[in-house]
Amino acid sequence: MKITTDYLIIGSGLAGLSFALKVADTGKVTIITKNSLEETNTSYAQGGIAAVLSSPDSFTHHIEDTKIAGAGLCDEKIVEKVISHAPELIQNLKQWGTRFDTEKNGQYDLAKEGGHSANRILHHKDNTGFEIQRALCKEIRNHKNITVLEHFFAVDLITQHHQDELVKRYQHDIRCFGAYALDIRTNIIYTILSKATMLASGGAGQLYSTTTNPTIATGDGFAMVYRAKGLLDNMEFIQFHPTGLYNPKESPTFLISEAVRGFGGKLRNKHGEEFMLNYDERGNLAPRDIVARAIDSEMKKSGDEHVFLDCRHIDAQKLSNHFPTIYKKCQSIGIDITTEMIPVAPAAHYFCGGVSVDEFGRTSINHLYAAGEVSCTGLHGANRLASNSLLEAIAFADFAAHMSEKEKDSNPIQESIPDWDDKGTSHPEEMVLITQSLKEVQQILNNYVGIVRSDVRLDRAFNRLWTIYLETEEMYKNTTLSPKLCELRNLILLGYIVIKSARARKKSIGLHYMVDYTG
Ligand code: FAD
Ligand code: SIN
């Protein structure tokens, strides 16, 4: 069954929705999203969005902080472009109805997070992402040119490969004609044909057993681009957030925002010692890779499964006002953050690498654009500065919107693309084959490709994944498509890409910390 559209957008987080709103007056827009419009990583963002809006802060300082966190691997031109556009993009968010907290004098209440040399994080309490998503969803649902297809799962990108042409990686003229997508409610696989396709499918925290990311974050976009022979970069740089709430019964891990440390929260070990200054002179507000490694080291030394975040010295009223979601969540599991320390441990949080794009959000596949966490733009380098990802998502959605408006008409709809062929497949007999393999993949990555890595651990992870890969590919050939099976397959491929990238780096840098390459 076919659907045709000018713009196909895969994903309904900040990247996908802001792109939609920017292009909607120039053509017909179709957004597909594998869950509800609202269920995205964006919705869970707590701390906020980084932007320089007034002196004494300056673009130069924000640029420097971003480059320092990125450990020398940021693309300077991109860092400058994104950071200098930030004020205009914040204005867009406001025009679409997003509310940011202000002081009594009307000035923004700017928060601070690790690696930032100034207070520059705009936020809405501690649920900034929820507020952004709320505002954008309202605009999207009211726009006459935008069609939203919820519970539509993108399976694969369509290229000349589907017209029986041989397509190879590093080939310059691969073209994207849309995507195959499974309507999860009816099991119909649609051929969605588009002139421009925006991949905004977010990250892949679910590659790990301990993650802050919701269950939608299964790296489908990375895997689809890899299969379509597109290029990815920096895939080994996976950011672990230092302070996930330690509550082993719960998955995903609830996040305790870095803004809590920006507000004065202190990390302590079980003896009550503040340990961060033993690791870095910036203490509790050092960049994330350093704080996560320090906690990992404290946990290994003590044999404990967590450390503590101490807010007991902060004014109780101010703390609970500023962080109502965190306050309530901790209270719900019996912790009063104003009088008790919060048990915290690192959790997989953010993919700094992704689908390679140029400064206009163009991937190596013509007419396929990418923005947000699925992309690798050059902004983050080897480690993302806190609250720079929402900024990157809206920035590259904007850059790509301008470019795709110009380029789309040179990629006419390809009516001749065949529909998906699932002859000879049948429903899986035992779902446990999928669910158990998923758990194994997540454990392998958690244990062998985590915060601290080694050649031996990477080799072991690769060998273990290989067995699961062969079993899953065999199952995929014979089984009717389902989101769970596709996600498992995508995560296995992603695990392989991460390990391949990690092995190729041959040094410790930023988030990729190898015991074999440290002094
Ligand atoms: P997402 O918001 O994740 O959206 C991805 C979309 O793609 C979803 O709609 C999903 O359903 C859809 N999708 C995925 N695969 C498919 C498929 N196969 N078919 C169809 N649809 C698909 N960053 C900050 O800058 N500041 C913060 O304060 C902050 N806090 C965070 C707190 C938490 C708990 C988490 C998890 C992340 C946080 N981040 C923060 C990171 C930030 O939220 C994300 O990087 C950003 O929201 C990504 O936006 P996106 O549009 O790229 O993807
Ligand atoms: C947080 O609030 O700590 C998350 C910020 C981010 O991931 O950028």
Side-chain angles (χ1 to χ4, degrees), residues 8-19 31-51 111 113-116 121-124 126-130 132-133 136 148-157 179-182 184 198-206 211-224 239 241-245 252-262 288 323 325-326 347-352 354 370-375 380 384-394 396-397 483 486-487 490:
L8 168 63
I9 301 172
I10 303 173
S12 61
L14 177 56
L17 299 189
S18 58
F19 178 85
I31 302 174
I32 60 171
T33 184
K34 68 176 171 179
N35 201 294
S36 67
L37 193 64
E38 287 78 11
E39 183 58 3
T40 62
N41 270 21
T42 299
S43 284
Y44 295 88
Q46 292 188 353
I49 178 164
E113 291 179 359
H116 287 274
I121 319 291
L122 286 106
H123 66 100
H124 179 271
D126 56 356
N127 64 358
T128 312
F130 187 85
I132 292 175
Q133 187 84 31
L136 269 64
V148 176
L149 300 174
E150 289 168 292
H151 306 283
F152 263 61
F153 187 102
V155 178
D156 262 322
L157 297 166
Y180 290 111
L182 169 70
I184 299 171
M198 161 52 79
L199 186 68
S201 51
Q206 290 290 327
T211 177
T212 62
N213 289 192
T215 52
I216 51 117
T218 53
D220 304 334
F222 302 122
M224 282 191 284
Q239 185 169 69
H241 197 291
T243 56
L245 175 64
T253 299
F254 180 82
L255 183 73
I256 305 292
S257 174
E258 192 154 307
V260 175
R261 274 177 285 134
R288 253 177 219 178
F323 301 103
T325 318
I326 293 172
H349 184 63
Y350 183 85
F351 269 70
C352 293
E373 192 164 338
V374 73
S375 64
H380 308 311
R384 171 179 70 102
L385 186 67
S387 288
N388 262 359
S389 48
L390 290 174
L391 174 60
E392 183 197 48
I394 189 173
F396 273 81
C486 292
E487 287 175 351
N490 289 339

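Keep in mind that this is a model prediction, so the values were computed, not measured. Sequential numbering from 1 along the given sequence is applied to the chain's residues. In listed order, ligands and their atoms are each counted from 1.
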Handout entry: Protein heavy atom at shortest distance from atom 45 (O) of ligand 1
Key = E373 OE1, 2.7 Å
Practice task
With heavy atoms of A386 as the reference, note each atom of ligand 2 found under 4.0 Å away.
Solution key: 8 (O)
Handout entry: Closest protein heavy atom to atom 47 (O) of ligand 1, given as residue, atom name and distance to 0.1 Å
Key = T42 OG1, 2.8 Å
Handout entry: Sub-4.0 Å heavy-atom contact, E38 with ligand 1
Key = no
Practice task
Of the side chain and backbone of L255, name the one, both, or neither that has a heavy atom under 4.0 Å from an atom of ligand 2.
Solution key: side chain
Practice task
Pull out every atom of ligand 2 sitting under 4.0 Å from any heavy atom of E258, numbered as shown with elements.
Solution key: 1 (C), 2 (O), 3 (O)
Handout entry: Pairwise distance CG(D156) to CG(N490) - rounded to 0.5 angstrom
Key = 8.0 Å
Practice task
Answer yes or no: is there a side-chain heavy-atom contact under 4.5 Å between S257 and H123?
Solution key: no
Handout entry: Flag, side chain of E113 to backbone of G262, donor-acceptor distance under 3.5 Å
Key = no
Fill in the blank from the handout: Closest to atom 26 (N) of ligand 1 among protein heavy atoms sits G48 O, 2.7 Å
Practice task
Please say whether R384 places an N or O atom under 3.5 Å from an N or O atom belonging to ligand 2.
Solution key: yes
Problem - Close approach of S387 to ligand 1, heavy atoms, under 4.0 angstrom - result: yes
Handout entry: Subset of ligand 2 atoms that lie under 4.0 Å from at least one heavy atom of H349
Key = 6 (C), 7 (O)
Problem - E39 side chain vs I216 backbone, donor-acceptor pair below 3.5 Å - result: no
Exercise for the section: Answer with yes or no whether V374 contacts ligand 1, where contact means a heavy atom under 4.0 Å from a ligand atom. Expected result: no
Problem - Residue, atom name and distance, where the atom is the protein heavy atom closest to atom 53 (O) of ligand 1 - result: G202 CA, 3.4 Å
Exercise for the section: Tell me yes or no: between the side chains of N127 and H124, is some donor less than 3.5 Å from an acceptor? Expected result: yes
Handout entry: Atom indices of ligand 2 within 4.0 angstrom of H241 heavy atoms, with elements
Key = 1 (C), 3 (O), 4 (C)
Handout entry: contact_flag Q239 ligand 2 heavy-atom lt 4.0 Å
Key = no
Handout entry: For ligand 1, the portion of Q46 having any non-hydrogen atom under 4.0 Å away
Key = backbone
Handout entry: Nearest neighbour in protein (non-hydrogen) for atom 15 (N) of ligand 1
Key = D220 OD2, 3.1 Å
Problem - Validation row: H241, T253 side chains within 4.5 angstrom (heavy atoms) - result: no
Practice task
For F152, counting its heavy atoms only, list the atoms of ligand 1 lying under 4.0 Å from any of them.
Solution key: 19 (N), 20 (C)
Practice task
Measure the distance from atom 35 (C) of ligand 1 to every protein heavy atom, then report the residue, atom name and distance (to 0.1 Å) of the closest one.
Solution key: H349 CE1, 3.5 Å
Problem - Nitrogen or oxygen of S12 less than 3.5 angstrom from that of ligand 1 - result: yes
Handout entry: No-hydrogen, no-angle side-chain donor-acceptor test under 3.5 Å, T325 and D126
Key = yes
Completion exercise
Any heavy atom of R288 under 4.0 Å from ligand 2? The part involved is side chain
Handout entry: Sidechain-backbone polar pair: T243 side chain, I256 backbone, donor-acceptor under 3.5 Å
Key = yes
Practice task
To the nearest 0.5 angstrom, please state how far the OG atom of S375 sits from the CZ atom of F351.
Solution key: 13.0 Å
Exercise for the section: Could you check atom 2 (O) of ligand 2 against the protein and tell me its nearest heavy-atom contact, residue, atom and distance included? Expected result: S257 OG, 2.7 Å
Completion exercise
So the atoms of ligand 2 within less than 4.0 Å of a heavy atom of S387 turn out to be 6 (C), 8 (O)
Exercise for the section: Calculate, to the nearest 0.5 Å, the distance between atoms CG and CZ belonging to L8 and F152 respectively. Expected result: 11.0 Å
Problem - I31, T33, N213: member with heavy atom nearest to atom 11 (O) of ligand 1 - result: T33
Handout entry: Straight-line distance of T128 OG1 to L14 CG, nearest 0.5 Å
Key = 11.5 Å
Completion exercise
Note: S36 and H151 closest approach over all heavy atoms is N-CE1, 3.9 Å
Handout entry: Short side-chain donor-acceptor distance under 3.5 Å, Q133 and T40
Key = yes
Practice task
Look up atom CG in L136 and atom CD in E38, then write down how far apart they are to the nearest 0.5 Å.
Solution key: 11.0 Å
Practice task
Answer yes if the side chains of T212 and H349 hold a donor-acceptor pair under 3.5 Å, and no otherwise.
Solution key: yes
Problem - Closest approach of any protein heavy atom to atom 43 (O) of ligand 1, naming residue and atom - result: N41 O, 3.6 Å
Problem - Closest approach of any protein heavy atom to atom 23 (N) of ligand 1, naming residue and atom - result: S389 OG, 2.7 Å
